[in-house]
Amino acid sequence: MVKTLLGQVKEYKTVSILTPIFTGLEVLMEVLIPFVTASIIDKGIEAGDIRQVYFYGAIMLLLAFLSLTFGVLAGRFAAKASSGFACNLREGMYENIQTFSVSNIDKFSTAGLVTRMTTDVTNLQMAYQMCLRIAVRSPLMLVCSLVMALFTSVRLSLIFFVAILFLGAALLFIMTRTTKIFREVFRRYDDLNASVQENVSAIRVVKAFVREAYENEKFRKAADTLYRLFVKAESHLAFNGPIMMLTVYSCIIALSWFGAQFIVAGSLTTGNLTSLFSYVMSILMSLMMLSMVFVMITMSTASGQRIAEVLEEKADLQNPPHPVTEIPDGRIDFDHVSFSYKHGSGGRVLEDIDLHIRSGETIGIIGGTGCGKSTLASLISRLYDVDEGCVRVGGRDVREYDMELLRNEVAVVLQKNVLFSGTILDNLRWGKEDATEEECREACRQACADEFIDRFPDGYNTWIEQGGTNVSGGQKQRLCIARALLKRPKILILDDSTSAVDTATDAKIRQAFAEAIPGTTKLIIAQRISSVQDADRILVLEGGRVNGFDTHENLLKNNAIYREIYEVQTQGGGDFDHPVASEGGAQA
């Protein structure tokens, strides 16, 4: 984990090294100041020599100025290093997430990834800055102050050792109690973020069903859990201050008592006692700061583990060593394919699929919910790898192709249409980055999207909100189809992507496909017969198996499932803009 995280320091290694160097110089200057103060008292004030006061005073001012300079430089470098480290962590996670296959994404919740890139990275940023500054400064200050205290008075320095042992034991006890709590805290952050994300993304449903009170209560419970955990942790940490002050005042009393006796006995000077008071504060404050570092490291360890999980995750799907970089045509072959989302679990979504589709054919795919229609389409663009058998495109196994090439040649209009914030042109150019406005207009005409775009005041420059919330479901579907058409792919998959448009528009879109991309293999996944009945052949899936694969007419004659769907939709009024045949037929 540590190696993975530190690998993200990258170009900030230099400032990360300079920070502890300047911190060490800052500590050295600060440690020398009490020693010079003792000389001012003993050799200047008590001796009545004003020149010594000026001399050592000038040295003290120089040391203070150098300490300030080194401290400012150390702070600046630490801020640059920690901020850069955090930036690299976020970029590293985001870039790695882009390489994930769908199965990789399934391992992490969306809320969990958001928490990792925000809260967890912020914790690591703070911990890294503290490690560069305080984790270097505190031990150095502790050791240097102890050395100077021993140099001043060995016997009085024993007080410091006793104080260190007492304070160290107390802080260790507090830290062990808080470690487990903070680990639980960051797990609970995911629940909180998940509640917010789910509520915001589904706000229309929440309002439609008047569930605001329920959502508020759900969020309150998640926030209250975090509140109680933080209160519990902070209740333990609250002992840090009192224990620290008890130790400090005990040391001051002990130093005053024994120091006065040594001064009377002539074995210690007043200046030396004054410097010892400074050293005791430095020693104990160093211990206190170290305890804060350990607490921060404890908190950030859980965050670091979560971030390392994302950075170390390897994509399940990889390009072959020498990938094929050209797809000759749109042929699709499923050779006895079986697939399950959890490999080896036994719960197969597809079982022994054996299909052979010619290039340029239009294939309809129909079946009940959960029969594997979308899964079948996902295997063509290699969003998943099969368990058994193989999927071929253009006569070659999809695992032999460069994945970017394959997915560029296999355009998919997903069941859940997604638009991004930006203009309509920006969204269309996801299909072809350098597409001209005329090409975009032509694609929209083929997808029957031009008719509503032209009614917008800004036309193709109309701004689309995140998720396409300012356009209807049918408009969103047609824009996504136009985006896919711009790719001019060898294979086009429409995964129930015309469900929100009327059958007349659906027919126009299918007619445009036949005219505009005749050589493209088209797979149309649909719930209604009218969307697939004109296809060259229709695939009927049931329970992850092929139940029928033939023309519309032949399936009506020979396939009971297809015939039943057809009769329900045509005679029972299943298609919303088809009139019911007759009252008797509707009741049949």
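Only a predicted model underlies this, so the values are computations on that prediction, with no experimental measurement involved.
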Participant: Is there a side-chain contact between Leu406 and Glu404 (heavy atoms, below 4.5 Å)?
Facilitator: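 Not touching, per the 4.5 Å side-chain cut-off.
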Participant: In terms of heavy-atom contacts, does CE of Met60 have more than 12 from other residues, nucleotides or ligands at under 6.0 Å?
Facilitator: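 Count over threshold, so yes.
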Participant: Is there a donor-acceptor contact under 3.5 Å from the side chain of Asp495 to the main chain of Val412?
Facilitator: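 Here the side-chain-to-backbone pair does not exist.
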Participant: For residues Phe166 and Ile243, report the shortest heavy-atom separation together with the two atoms involved.
Facilitator: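 Looking at all heavy atoms of both residues, the closest pair is CE2-CG2, 4.2 Å.
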Participant: For the residue pair Phe22 and Ala74, what are the closest heavy atoms and their distance?
Facilitator: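 Smallest heavy-atom distance, with atoms named: CB-CB, 3.9 Å.
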Participant: Look only at the side chain of Arg483 and the backbone of Gly431, and say whether a donor-acceptor pair between them is shorter than 3.5 Å.
Facilitator: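 Not a single qualifying donor-acceptor pair exists.
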Participant: Please check if the distance between the ring centroids of Phe339 and Tyr341 is under 6.0 Å.
Facilitator: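 Between Phe339 and Tyr341, the centre distance is under 6.0 Å.
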Participant: Would Gln261 and Trp257 satisfy side-chain contact (heavy atoms from CB on, under 4.5 Å), going step by step from the backbone distance to the final call?
Facilitator: CA-CA 7 Å; Gln261 295 182 23; Trp257 175 263; 2.9 Å; yes
Participant: Minimum heavy-atom separation for Ser300 to Asn123, with atom names?
Facilitator: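 So the two residues come closest at CB-O, 3.9 Å.
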Participant: Examine distances only and state if a side-chain atom of Ser145 and a backbone atom of Leu142 form a donor-acceptor pair shorter than 3.5 Å.
Facilitator: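 Side chain of Ser145 to backbone of Leu142: no pair is present.
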Participant: Hey, are the side chains of Asp120 and Leu124 touching, using non-hydrogen atoms and a 4.5 Å cut-off?
Facilitator: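 Not in contact.
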Participant: Any sub-3.5 Å donor-acceptor pair from Thr423's side-chain atoms to Asp426's backbone N or O?
Facilitator: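 Yes, Thr423 side chain to Asp426 backbone: donor-acceptor pair under 3.5 Å.
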Participant: So does Arg220 get a backbone contact from the side chain of Asp224, meaning a donor-acceptor N/O pair under 3.5 Å?
Facilitator: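 Answer holds: no.
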Participant: In sequence, state the C-alpha distance, the side-chain angles, and the governing distance for Leu73 and Glu26, and then conclude on side-chain contact (heavy atoms from CB on, under 4.5 Å).
Facilitator: CA-CA 10 Å; Leu73 290 173; Glu26 178 192 11; over 6 Å; no
Participant: Are more than 12 heavy atoms from other residues, nucleotides or ligands located less than 6.0 Å from atom CZ of Arg211?
Facilitator: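 No, the 6.0 Å shell around CZ holds no more than 12 heavy atoms from other groups.
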Participant: Could you tell me whether Gln98 atom CD has more than 12 heavy atoms of other residues or ligands within 6.0 Å of it?
Facilitator: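 Above 12, so yes.
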Participant: For Ser16 and Tyr128, test the side chains for any donor-to-acceptor distance below 3.5 angstrom and give the result as yes or no.
Facilitator: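 Looking only at side-chain atoms, Tyr128 and Ser16 do form a donor-acceptor pair, the distance falling under 3.5 Å.
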Participant: Report yes if some heavy atom in the side chain of Leu140 is under 4.5 Å from a heavy atom in the side chain of Leu28; otherwise report no.
Facilitator: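 They are not in contact (no side-chain heavy atoms under 4.5 Å apart), so the answer is no.
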Participant: With side chains defined as the heavy atoms from C-beta onward, is the minimum distance between Val418 and Cys480 less than 4.5 Å?
Facilitator: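 When only atoms from C-beta onward are counted, Cys480 and Val418 do not touch, as no gap falls below 4.5 Å.
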Participant: Charged N to carboxylate O under 4.0 angstrom, Arg306 versus Glu309?
Facilitator: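 Salt bridge absent between Arg306 and Glu309.
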Participant: Are any non-hydrogen side-chain atoms of Ser235 and Val231 less than 4.5 angstrom apart?
Facilitator: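 Ser235 reaches Val231 side chain to side chain.
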Participant: Are Arg382 and Asp385 close enough for a salt bridge, meaning some N to O gap below 4.0 Å?
Facilitator: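 Answer for the salt bridge query: yes.
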Participant: Using atom types as modelled and distance alone, determine if a side-chain donor or acceptor of Thr69 lies under 3.5 Å from a backbone N or O of Phe65.
Facilitator: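 Yes: the side chain of Thr69 pairs with the backbone of Phe65.
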Participant: For Arg407 versus Ser381, what's the shortest heavy-atom pair and its separation?
Facilitator: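 The pair with the smallest heavy-atom distance is NE-O, 3.1 Å.
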Participant: Please check if the number of heavy atoms outside Tyr54 that lie under 6.0 Å from its OH is greater than 12.
Facilitator: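 For Tyr54, atom OH is not crowded (no more than 12 foreign heavy atoms under 6.0 Å).
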Participant: Do Ser421 and Trp463 touch side chain to side chain, with heavy atoms closer than 4.5 Å?
Facilitator: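 Contact flag for Ser421/Trp463 side chains = yes.
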Participant: Would you indicate whether the side-chain heavy atoms of Val27 and Phe70 approach each other to under 4.5 Å?
Facilitator: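 Contact flag for Phe70/Val27 side chains = no.
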Participant: Is there a side-chain contact (heavy atoms from CB on, under 4.5 Å) between Ile464 and Phe420? Walk through the geometry before answering.
Facilitator: CA-CA 7 Å; Ile464 300 295; Phe420 298 87; over 6 Å; no
Participant: Could you grab the distance from atom OG1 of Thr274 to atom CD1 of Ile40, nearest 0.5 Å is fine?
Facilitator: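 It comes to 11.0 Å.
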Participant: Carefully, step by step, assess Leu311 and Leu89 under the rule side-chain contact (heavy atoms from CB on, under 4.5 Å).
Facilitator: CA-CA 8 Å; Leu311 291 173; Leu89 283 175; 4.0 Å; yes
Participant: Mark yes or no for whether Asp402, through its side chain, and Pro323, through its backbone, hold a donor-acceptor pair below 3.5 Å.
Facilitator: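 It does not hold such a pair.
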Participant: Working to the nearest 0.5 angstrom, can you tell me the gap between Leu383 CG and Asp316 CG?
Facilitator: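 Answer rounded to 0.5 Å: 12.5 Å.
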Participant: Grab the two heavy atoms, one from Ser67 and one from Glu30, that are nearest each other, plus how far apart they are.
Facilitator: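 In this case the closest contact between Ser67 and Glu30 is OG-CG, 3.2 Å.
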Participant: Kindly compute the distance separating CD (Gln475) from CD1 (Ile424), expressed to the nearest 0.5 Å.
Facilitator: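 Here the interatomic distance stands at 8.5 Å.
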Participant: Measuring from atom OG1 of Thr462 to atom CG of Asn427, what distance do you get when rounded to the nearest 0.5 angstrom?
Facilitator: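 The CG atom of Asn427 is 11.5 Å from OG1 of Thr462, to the nearest 0.5 Å.
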Participant: Side chains of Met93 and Leu113: closer than 4.5 Å at any heavy-atom pair?
Facilitator: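 No, side chains not in contact.
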Participant: Please give me the minimum heavy-atom distance between Asp387 and Ser340, naming the atom from each residue.
Facilitator: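 The pair with the smallest heavy-atom distance is OD2-OG, 2.6 Å.
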Participant: Extract all donor-acceptor atom pairs below 3.5 Å that involve side chains of residues 3-10 and protein atoms in other chains or at least two apart in sequence.
Facilitator:
residue: Thr4; atom: OG1; partner: Glu312; partner atom: OE2; Å: 2.5

Participant: Other residues, nucleotides and ligands only: do more than 12 of their heavy atoms fall within 6.0 Å of NZ on Lys43?
Facilitator: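 Count not over threshold, so no.
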Participant: Just how far is it from atom CG of Leu62 to atom CE of Met29, taken to the nearest 0.5 Å?
Facilitator: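 Going from the CG atom of Leu62 to the CE atom of Met29 covers 8.5 Å.
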Participant: Could you tell me the separation between the CG atom of Leu419 and the CG atom of Leu428, rounded to the nearest 0.5 Å?
Facilitator: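 Result: 9.0 Å between the selected atoms.
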Participant: Within 45° of the axis and under 6.0 Å from the centre of the six-membered ring of Phe258, does NZ or CZ of Arg155 qualify?
Facilitator: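 Relative to the ring axis of Phe258, which defines the angle, Arg155 lies outside at least one limit.
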